[in-house]
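Order of listing sets the numbers, starting from 1, for every ligand and every atom in it. All values derive from a computational prediction rather than experimental measurement.
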Amino acid sequence: INWQTAKTYEDILYHKADGIAKITINRPHKRNAFRPKTVFELYDAFCDAREDTSIGVVLFTGAGPHTDGKYAFCSGGDQSVRGHAGYVDDDGIPRLNVLDLQRLIRSMPKVVIALVAGYAIGGGHVLHLICDLTIAADNAIFGQTGPKVGSFDGGFGASYLARIVGQKKAREIWFLCRQYNAQQALEMGLVNCVVPIEQLEAEGIQWAREILEKSPIAIRCLKAAFNADCDGQAGLQELAGNATLLYYMTEEGREGKQAFLEKRPPNFHQYPWLP
Ligand code: 2NE
């Protein structure tokens, strides 16, 4: 695949090729921990991928290995810039802006695949969790650390985790803060498959290519439907937004707009009340 740089950032890399976007956290010296700037850049790149009609799948990954030979997808919030009310940037304002990023990844109508090599820990674990699919390298390590480091994610990090691995396992993961290897993650349904690390990106590209052969509207409606099951009114808004989009594409929907523009009553009698 011939990756082209889509935009240049400080903390992340952003590439595109053949309908696939690849977004890479590039702070291997911090096990790819995110600071507010990292999250702003990720948000920007994910927005770009969302808006680009040529992109159907986003691969989300972490740069590595670091000079010590270790890999990481992401180790969560950068603890060295954690202030009294969140993670602090040069502007001095404390933030938890990763929550905005979680919602964007979850609601964007493109398939997001996490490619996890090495650590997916803390808020980094929640990021892979939020993705539609996760492909793990055989060296992947998963876990939450919140109660150990004075933090927690009681949003998707708790409730969506419990939807995926079950209540007992989710409570174990958060209460004990243990680490789990790729095989254990596979067994608990936390990842879709495990591949040798050298094969991680190729596997992600293969999955992306298979998805790109499918109907974009079917995939976007399915993603919204899976979300609606968990996301209450926000999930229903997403799903219903797709119904509106499809309605706009019908003659019946267009008749309403056309009649308004032509200053005449709409004629909906030509359309059947289907069973
Ligand atoms: C990831 C893990 C288990 C890796 O351990 P190891 O032994 O392989 O590496 P080491 O030596 O701990 O880390 C290598 C370098 O990366 C930095 C370390 O400080 C170290 O730097 P130097 O000593 O070489 O200068 N580093 C690693 N993770 C970092 C981090 N998150 N922030 C800043 N620097 C980091 C091990 O490193 C680990 O447990 N890391 C911490 C994981 C963690 O607790 N993350 C925060 C959870 S809270 C969160 O993410 C969050 C939330 O709960 C709610 C909302 C938003 C965020």
Side-chain angles (χ1 to χ4, degrees), residues 10-12 23-43 46 60-106 114-131 134 136-162 164-165 170-185 190-191 197 200:
E10 198 174 324
D11 286 5
I12 70 168
I23 299 174
T24 309
I25 305 177
N26 190 23
R27 306 183 81 215
H29 59 294
K30 297 257 187 188
R31 303 278 186 254
N32 292 323
F34 53 78
R35 52 180 175 167
K37 185 186 193 66
T38 322
V39 176
F40 280 128
E41 292 183 356
L42 287 169
Y43 197 89
F46 272 102
F60 185 24
T61 193
H66 181 43
T67 48
D68 63 4
K70 286 195 175 182
Y71 287 81
F73 169 72
C74 176
S75 63
D78 186 330
Q79 298 304 292
S80 65
V81 298
R82 188 171 138 190
H84 70 286
Y87 297 89
V88 183
D89 233 348
D90 297 340
D91 56 14
I93 297 170
R95 292 189 169 86
L96 276 175
N97 57 346
V98 74
L99 302 181
D100 300 338
L101 177 65
Q102 290 178 3
R103 287 198 301 274
L104 174 60
I105 292 173
R106 190 159 170 82
L115 303 182
V116 177
Y119 293 104
I121 294 283
H125 185 259
V126 180
L127 282 180
H128 104 82
L129 184 75
I130 284 293
C131 294
T134 297
D138 46 11
N139 71 346
I141 298 173
F142 300 87
Q144 297 296 159
T145 61
K148 204 166 59 179
V149 300
S151 182
F152 64 91
D153 182 338
F156 289 120
S159 57
Y160 190 49
L161 181 66
I164 291 175
V165 301
R171 287 168 203 232
E172 173 193 313
I173 290 170
W174 273 103
F175 294 172
L176 279 71
C177 297
R178 286 185 182 167
Q179 293 183 352
Y180 302 85
N181 65 30
Q183 198 53 41
Q184 290 169 311
L190 198 53
V191 304
I197 181 144
L200 183 62

If you count only heavy atoms, which residues are under 4.0 Å from ligand 1?
His29, Lys30, Arg31, Ala33, Phe34, Lys70, Ser75, Gly76, Gly77, Asp78, Gln79, Tyr87, Leu96, Val98, Tyr119, Ile121, Gly122, Gly123, Thr145, Val149, Ser151, Phe152, Gln179
Between CD1 on residue Ile25 and OG1 on residue Thr61, distance to nearest 0.5 Å
8.5 Å
For the side chain of Gln144 and the backbone of Gly122, is there at least one donor-acceptor N/O pair under 3.5 Å apart?
yes
Tell me whether the rings of Phe73 and His128 are parallel (<30°), tilted (30 to 60°) or perpendicular (>60°).
perpendicular
Backbone of Gly154 reached by a side-chain donor or acceptor of Trp174 within 3.5 Å
no
Pair Tyr160, Gln102: side-chain N/O donor-acceptor within cut-off below 3.5 Å:
no
N/O donor-acceptor pair under 3.5 Å between Asn139 side chain and Ala117 backbone
no
